[in-house]
Every structure is written in structure tokens, then in C-alpha cells.
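Structure, as C-alpha cells:
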Amino acid sequence: MAFDADGFYTISHIGTVDPATPGTMRNFHGYVTNDDAAAVETGNYFLSIYDRLKVGDQVHCSLDMDGTPAGKSYIVSVSNSTTVTIAAFS
């Protein structure tokens with residue numbers, strides 16, 4: 001399947017590495033989808049919302065809601081107009 005923006009929400013803002021520097025705040029997002037982890041982990045899955053994602057943002061996913069539901073968290077490692085990459089958050 002493909003990313004569905006209706007299932008994506010920014011939940012809160014989280015810490016900053018330098019409170020004096022604008023733009024260093026990171027976000028905690030939630031995403032609910034019928035896609036499984038393999039689909040979500042495909043390169044550029046979140047590309048259509050690259051402008052909402054910063055490196056270091058966290059995305060907590062509720063996956064495979066129409067099958068065997070699972071949860072997984074990710075951290076954004078690259079986000080620009082051509083590439084969005086996520087990595088398992090551990």
C-alpha cells in the first residue's frame with residue numbers, strides 16, 4: 001500500500017539539543033495504518049510529508065490494523081525533498 005496522511009498526527013514536541021537555537025525542537029508523531037512494518041520501512045514511504053519531518057523526529061506506528069496489529073517506533077534519519085529515511089527506534 002502507500003502512505004495515507006489521514007493516519008498521521010503530530011502528538012507533541014520533544015527535547016532540544018540547544019534551546020537557544022530556533023528549529024532544534026523535535027517532534028513525536030503517531031501513525032496508524034493497515035500497512036505492515038515491511039511496507040512502512042520501504043525507502044521514501046513518508047516522502048509526501050518530508051516537510052513535516054525533521055531528522056531526529058520520532059514516529060510511533062500502529063501497523064497492520066486490518067491483519068495482525070503490531071507496534072513499532074522509528075526515528076527519522078534523513079528528511080528532504082528527495083529522500084526520507086527512517087530507522088528502528090531502540
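None of these values were measured; they are calculated from a predicted model.
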How many angstroms lie between atom CG of Asn44 and atom OG1 of Thr83, to the nearest 0.5 angstrom?
5.0 Å
OG1 on Thr85 to CD on Glu41, rounded to 0.5 Å
12.0 Å
Check for me, please, whether Val76 and Val78 land in the same ILVMFWY cluster - side-chain distances under 4.5 Å, paths through other members count.
no
In Å and rounded to the nearest 0.5 Å, what is the CD1 to OG distance from Ile86 to Ser73?
10.5 Å
First locate atom NE2 of His29, then atom CG of Asp57, and finally report the distance between them rounded to the nearest 0.5 Å.
3.5 Å
Once you measure the plane-to-plane angle for Phe8 and Tyr31, does it fall in the parallel (<30°), tilted (30-60°) or perpendicular (>60°) bin?
tilted
Contact check, side chains of Phe3 and Ile49, non-hydrogen atoms, under 4.5 Å
yes
From Ser79 OG over to Asp51 CG, what is the distance, rounded to the nearest 0.5 angstrom?
8.0 Å
Ala39 and Asp35: which non-hydrogen atoms are nearest, and at how many Å?
CB-CB, 3.9 Å
Verify side chain to side chain contact (heavy atoms under 4.5 Å, CB included) between Arg26 and Lys54, making sure each step is shown before the conclusion.
CA-CA 7 Å; Arg26 295 300 177 252; Lys54 290 189 227 177; 3.4 Å; yes
When every non-hydrogen atom of Met25 is compared with those of His13, the smallest separation belongs to CG-CB, 3.7 Å
Taking it one step at a time, do Leu47 and Val84 satisfy side chain to side chain contact (heavy atoms under 4.5 Å, CB included)?
CA-CA 5 Å; Leu47 186 60; Val84 172; 4.0 Å; yes
Short side-chain donor-acceptor distance under 3.5 Å, Tyr45 and Tyr74
no
Hey, mind stepping through Thr33 and Val40 against side chain to side chain contact (heavy atoms under 4.5 Å, CB included) and telling me if it holds?
CA-CA 9 Å; Thr33 182; Val40 170; 4.1 Å; yes
Just by distance, do the side chain of Asn27 and the backbone of Thr10 share a donor-acceptor pair under 3.5 Å?
no
When hydrophobic residues are tied together by side-chain contacts of less than 4.5 Å, even through go-betweens, does Phe28 share a cluster with Leu53?
no
Enter the distance from Asp64:CG to Lys72:NZ here, rounded to the nearest 0.5 Å.
12.5 Å
